[in-house]
Colleague: 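This is the structure, below, for whatever I ask next.
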2 protein chains.
Amino acid sequence: MHSPELLKGTLQTIVLKVLKDHGRMYGYEITQRVKELSDERIMLTEGALYPALHKLEAEGMLKTETETIGKRVRKYYSLTPQGRNLVKERVSEFIDFIQTMGNVLQVSLR
Amino acid sequence: MHSPELLKGTLQTIVLKVLKDHGRMYGYEITQRVKELSDERIMLTEGALYPALHKLEAEGMLKTETETIGKRVRKYYSLTPQGRNLVKERVSEFIDFIQTMGNVLQVSLR
DNA sequence: AATCAATACATAAGTGAATTATGTATAAAG
DNA sequence: CTTTATACATAATTCACTTATGTATTGATT
């Protein structure tokens, strides 16, 4: 894992984009997917993830369906149309940020 | 300016790299240089910059020389050998972070 | 059968890097 | 002569995160 400071402010973007790419997912599944995609570098903590999901739901960006597997409860999240717009915004925001940082740090990102 | 959340954790990296590229600089000059390089997108605030500079100095990453221009005092900062190592570390840390985010968000950064 | 690790959710307490606010003072511009 | 820019500094506050804690089911290990 790299300096976790850099991760600040990226959580919403990550959650939204992963949900866009993989469709309907539950919380724990998101942590595992991100862990996998990041090659163990990004380990979302529950204390950050669940409140973030609740907030996005409250804002109408995500909708939920609860499913019971055996005796275990799973809460599936998916994007609302509004959420779909937000993903685009957040991702292009991030790309713009990278571009800007590339200029400031004078590094060519790839 | 884009979502300022993303900027968190990048301040040290920015300051160190700008100092590496431009040599001896004073605080206010750093804010102006970063503003210019970022095309007005990154406006370092004094409340963040000065404490960061003091901290890096206390850690032996920067050394200072005070100069008096007229009646105005300027405090010039430059990298120590240790600081030079830290820049490399921070910049490659950042590049690694970008790469990782590219994978997670499934976007090709340029 | 018992214990540990993984799965799955949730929330409260604490941290720390930032923002915002405030203060001092000189120089230049209008 | 008053506003804007230059130049430093620090204290108070904020808020997204980490850390800690809690509950409960499932699967693997001894």
Side-chain angles (χ1 to χ4, degrees), chain A residues 1-16 24-36 40-59 62 64-77 90 93-94 97 101, chain B residues 1-16 24-36 38 40-59 61-62 64-77 90 93-94 97 101:
Chain A
M1 248 255 278
H2 37 62
S3 153
E5 300 296 307
L6 294 172
L7 230 32
K8 298 220 174 190
T10 60
L11 178 60
Q12 252 201 26
T13 309
I14 289 173
V15 168
L16 290 166
R24 199 166 160 278
M25 293 178 92
Y26 55 97
Y28 185 76
E29 194 184 3
I30 295 176
T31 66
Q32 297 309 300
R33 183 71 75 176
V34 170
K35 183 180 170 184
E36 196 189 320
E40 316 268 283
R41 283 184 182 82
I42 301 179
M43 312 287 278
L44 300 186
T45 58
E46 295 154 298
L49 179 65
Y50 291 117
L53 288 170
H54 300 333
K55 195 185 166 224
L56 286 167
E57 190 190 0
E59 291 168 353
L62 301 179
T64 56
E65 298 159 88
T66 301
E67 232 170 79
T68 307
I69 312 291
K71 282 180 184 170
R72 268 282 230 339
V73 174
R74 277 183 189 168
K75 215 165 146 187
Y76 280 91
Y77 289 88
R90 284 279 182 275
E93 216 166 68
F94 184 77
F97 163 70
M101 284 297 289
Chain B
M1 249 255 278
H2 37 63
S3 153
E5 300 296 307
L6 294 173
L7 228 32
K8 299 219 176 190
T10 61
L11 178 60
Q12 250 200 29
T13 309
I14 289 173
V15 168
L16 289 166
R24 201 166 157 276
M25 293 178 92
Y26 54 98
Y28 184 76
E29 193 183 5
I30 295 175
T31 65
Q32 297 310 299
R33 184 70 75 174
V34 170
K35 183 180 171 185
E36 196 190 319
S38 70
E40 315 270 283
R41 283 183 182 82
I42 301 178
M43 314 287 278
L44 301 186
T45 58
E46 295 154 296
L49 178 65
Y50 291 118
L53 287 171
H54 299 333
K55 196 185 164 225
L56 286 167
E57 191 190 358
E59 291 168 352
M61 301 301 155
L62 301 179
T64 56
E65 297 159 88
T66 301
E67 232 170 80
T68 308
I69 312 290
K71 279 179 186 172
R72 256 315 214 325
V73 173
R74 276 183 190 167
K75 214 165 147 187
Y76 279 92
Y77 289 88
R90 285 280 181 276
E93 215 167 68
F94 184 77
F97 164 71
M101 284 297 290

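Residue numbering restarts at 1 for every chain, and letters A, B, ... go by the order of the sequence lines.
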Colleague: Quick one: Leu53(B) CG to dT10(D) P, roughly how many Å, whole number?
Modeller: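 Going from CG in Leu53(B) over to P in dT10(D) covers 12 Å.
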
Colleague: With heavy-atom distances below 4.5 Å as the criterion, would you say the side chains of Met101(A) and Thr10(B) are in contact?
Modeller: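 Counting from C-beta outward, Met101(A) and Thr10(B) do come under 4.5 Å.
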
Colleague: Specify the residue among Glu46(A) and Ile69(B) whose closest nucleotide of DNA chain C lies further upstream toward the 5′ end.
Modeller: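 Its nearest nucleotide being more 5', the pick is Glu46(A).
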
Colleague: Which whole-number value in Å describes the distance from Met43(B) CE to dT19(C) C1'?
Modeller: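 My rounded result for the distance is 14 Å.
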
Colleague: Closest-nucleotide mapping onto DNA chain D: is Lys71(A) or Gly27(B) further toward the 5' terminus? I mean the 5' end.
Modeller: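 Nearer the 5' end of the strand: Gly27(B).
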
Colleague: Met25(A) has an atom CE; how far is it from atom C1' of dC9(C), in whole Å?
Modeller: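 One finds 16 Å between C1' of dC9(C) and CE of Met25(A), rounded.
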
Colleague: Determine whether Tyr76(A) and Thr64(A) make a side-chain contact, defined as any pair of heavy atoms from C-beta on separated by less than 4.5 Å.
Modeller: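 Not touching, per the 4.5 Å side-chain cut-off.
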
Colleague: Side chain of Lys75(A), heavy atoms from C-beta onward: which of dA8(C), dA9(D), dC9(C) has the nearest atom to it?
Modeller: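 Selected nucleotide (nearest to the side chain): dC9(C).
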
Colleague: Using the closest heavy atom to pick a nucleotide of DNA chain C for each, name whichever of Glu29(A) or Lys8(A) lands nearer the 5' end.
Modeller: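 Nearest-nucleotide comparison on DNA chain C picks Glu29(A).
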
Colleague: Of Arg72(A) and Ala48(A), whose nearest nucleotide on DNA chain D comes first from the 5' end?
Modeller: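 Result: Ala48(A).
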
Colleague: Tyr26(A) has a side chain; which of dC9(C), dA7(D), dA16(D) sits nearest to it?
Modeller: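 Nucleotide nearest to Tyr26(A)'s side chain: dC9(C).
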
Colleague: Hey, does the side chain of Gln32(A) reach the backbone of Glu29(A) with a donor-acceptor pair shorter than 3.5 angstrom?
Modeller: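 Such a contact is absent between Gln32(A) side chain and Glu29(A) backbone.
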
Colleague: Between His54(A) and dT11(C), does any side-chain N or O lie under 4.0 Å from OP1 or OP2?
Modeller: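 True: His54(A) side-chain N/O within range (under 4.0 Å) of dT11(C) OP1/OP2.
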
Colleague: If you look only at pairs with a residue in residues 67-77 of chain B, which of them pass as a salt bridge (Lys or Arg N to Asp or Glu O under 4.0 Å), with sequence neighbours excluded?
Modeller: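 Those involving residues 67-77 of chain B are Arg24(B)-Glu67(B).
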
